[in-house]
Amino acid sequence: QVQLVESGGGLVQPGGSLRLSCTASGFTLDVHAIGWFRQAPGLEREGIACISASDDRKYYADFVKGRFTISKDDAKNTAYLQMNNLEPEDTAVYSCAAGSVCDDAQVVDDGAPYWGKGTLVTVSS
């Protein structure tokens with residue numbers, strides 16, 4: 001079956017780093033644009049990064065630019081989000097999605113994109 005599974009979340013101190021993984025099964029990830037989203041408690045989901053399928057161009061939300069890096073490994077059918085200089089405001093459930101194209105930092109699809117269930121990142125002392 002088609003599935004995206006995130007991993008790598010956990011507890012990290014402010015200023016620390018974490019790398020999230022998004023592994024696809026049941027479909028080939030490299031033909032899709034891939035996006036990372038996050039949703040903090042009580043807040044709306046927001047797009048934070050996207051990498052295009054056509055030319056691997058990368059897009060970032062302003063509030064993570066310079067701190068987060070999106071990448072992928074086609075051989076492993078996996079995308080990554082490297083997060084550096086983490087702050088308490090980064091605490092959220094992080095999800096990945098596969099779609100058609102990047103619209104700035106959000107991945108979009110003309111139908112229903114593929115979504116993972118998310119992994120929790122907690123930034124706290």
- Message: Suppose the criterion is ring pair (Phe, Tyr, Trp, His ring centres under 6.0 Å): which pairs have a residue in residues 38-83, not counting sequence neighbours?
- Response: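 Ring pair (Phe, Tyr, Trp, His ring centres under 6.0 Å) check on residues 38-83 returns no pairs.
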- Mind checking salt bridge (charged side-chain N to carboxylate O under 4.0 Å, His left out) for K65 and listing every partner two or more places apart, or none if nothing turns up?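 For K65 the salt bridge (charged side-chain N to carboxylate O under 4.0 Å, His left out) partners, ignoring immediate neighbours, are D62.
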Can you give the donor-acceptor pairs under 3.5 Å from side chains of residues 114-125 to other protein atoms, not counting sequence neighbours?
from : atom 1 : to : atom 2 : distance (Å)
T119 : OG1    : G9 : N      : 3.2

- Item | Hphob cluster co-occupancy, F37 + L4, side-chain heavy atoms under 4.5 angstrom |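 Different clusters.
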- Query: Can you get from V64 to V12 by hopping between Ile, Leu, Val, Met, Phe, Trp and Tyr side chains that sit under 4.5 Å apart?
  - Reply: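 Yes: a chain of side-chain contacts under 4.5 Å links V64 to V12.
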- Sequence neighbours excluded - side chain to side chain donor-acceptor pair (under 3.5 Å) pairs with any residue from residues 7-17: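 Passing the test, one end in residues 7-17: S17-N84.
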- Message: Please report the interatomic distance CE(M83) to OG1(T69), rounded to the nearest 0.5 Å.
- Response: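 M83 CE to T69 OG1: 11.0 Å, rounded to 0.5 Å.
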- Query: Distance from R67 atom CZ to I48 atom CD1, nearest 0.5 Å?
  - Reply: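 With rounding to 0.5 Å, CZ (R67) is 9.5 Å from CD1 (I48).
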- What is the minimum heavy-atom distance between A105 and A61, and which atoms define it?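 Taking A105 first and A61 second, the nearest heavy atoms are CB-N, 3.5 Å.
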- Query: Between the main-chain N or O of R57 and the side-chain N or O of S52, is there a donor-acceptor pair closer than 3.5 Å?
  - Reply: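 Yes; at least one donor-acceptor contact below 3.5 Å.
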- Query: Just by distance, do the side chain of K58 and the backbone of I70 share a donor-acceptor pair under 3.5 Å?
  - Reply: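 Indeed, once roles are kept as given, a pair shorter than 3.5 Å links the two residues.
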- Taking only residues at least two apart or on different chains, which pairs with a member in residues 69-88 satisfy salt bridge (Lys or Arg N to Asp or Glu O under 4.0 Å)?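 Counting only pairs at least two positions apart or across chains, the salt bridge (Lys or Arg N to Asp or Glu O under 4.0 Å) contacts touching residues 69-88 are D56-K72, K72-D74.
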- Item | Residue list, side chain to side chain donor-acceptor pair (under 3.5 Å) with T91, at least two apart or on another chain |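 For T91 there are no side chain to side chain donor-acceptor pair (under 3.5 Å) partners, ignoring immediate neighbours.
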Side-chain donor/acceptor pairs under 3.5 Å, residues 18-30, sequence neighbours excluded:
from : atom 1 : to  : atom 2 : distance (Å)
T23  : OG1    : T78 : OG1    : 3.1

Donor-acceptor list for residues 92-104 side chains, cut-off 3.5 Å, not counting sequence neighbours:
from : atom 1 : to   : atom 2 : distance (Å)
Y94  : OH     : R38  : NH1    : 3.0
Y94  : OH     : D90  : O      : 2.7
S100 : OG     : D109 : OD2    : 3.1

